[in-house]
Amino acid sequence: MDHPEHGTHDQERLIADLRQVIENAEELLRNTDKYTSTLYQSARARLEVALVAAMAELSRFEEEQLTRMMAATEAANALCHDQTGEARLLRAFSQP
């Protein structure tokens, strides 16, 4: 049986890995802009397309993660009958 925490951890790792790939691709593009051969330019163009797709996917992952976090917060607030921001803060800091 999969635990939600395991899936969240995997998603966080995937997001971090995707961020690293994007950073590396951006650096590679910056460092190869001086090469003008058709081979380099073709490879750079493909990398730029892949980079745009990766950034869109990262944005989608982050949005999904934020949506899940907000839903979990709302569920916890409802479960604990938190009526005010102060009650939420006190509960957050009173738990181990």
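Counting begins at 1 with the first residue of the sequence.
Atom CG in Asp17 sits 11.0 Å away from atom CG in Leu58 (nearest 0.5 Å). Here the CD-CZ distance, from Gln11 to Arg68, works out to 4.5 Å after rounding to the nearest 0.5 Å.
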- Where do Glu48 and Val52 land on the side-chain contact (heavy atoms from CB on, under 4.5 Å) test, with the steps shown first? CA-CA 6 Å; Glu48 286 174 343; Val52 167; 5.7 Å; no
- Take Arg13 and Asp10 through the test side-chain contact (heavy atoms from CB on, under 4.5 Å) and record every step on the way to the result. CA-CA 5 Å; Arg13 188 171 34 146; Asp10 288 346; 2.9 Å; yes
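The side-chain contact (heavy atoms from CB on, under 4.5 Å) check on Ala54 picks up Leu18, Ile22, with sequence neighbours excluded. Applying the side-chain contact (heavy atoms from CB on, under 4.5 Å) test to Ala43 and every residue at least two apart in sequence or in another chain returns Arg46. Checked against salt bridge (Lys or Arg N to Asp or Glu O under 4.0 Å), Arg19 has the following partners two or more places apart in sequence or in another chain: Glu62. Judged as a salt bridge (Lys or Arg N to Asp or Glu O under 4.0 Å), and not counting sequence neighbours, the contacts of Glu57 are Arg60. Considering only residues two or more places apart in sequence or on other chains, Thr67 meets the side chain to side chain donor-acceptor pair (under 3.5 Å) condition with none of them. A search for side-chain contact (heavy atoms from CB on, under 4.5 Å) contacts involving Ser59 returns nothing, not counting sequence neighbours. Taking Asn77 as the reference, Thr73, Asp82, Arg88, Arg91 meet the side-chain contact (heavy atoms from CB on, under 4.5 Å) condition, with sequence neighbours excluded.
Sorted by first then second residue, the side-chain hydrogen bond (donor to acceptor under 3.5 Å, both in side chains) pairs that include residues 23-34, not counting sequence neighbours, are Gln20-Asn24, Thr32-Arg44. For residues 42-70, no pair satisfies ring pair (Phe, Tyr, Trp, His ring centres under 6.0 Å), with sequence neighbours left out. Legend: ring pair (Phe, Tyr, Trp, His ring centres under 6.0 Å) pairs involving residues 10-32, not counting sequence neighbours: none detected.
In this structure, Tyr35 shares a hydrophobic cluster with Tyr40, the cluster being traced through Ile, Leu, Val, Met, Phe, Trp and Tyr side chains under 4.5 angstrom apart.
Placement of Met55 and Leu14 within a single hydrophobic cluster is found when ILVMFWY residues are connected by side-chain heavy-atom separations under 4.5 Å, directly or transitively.
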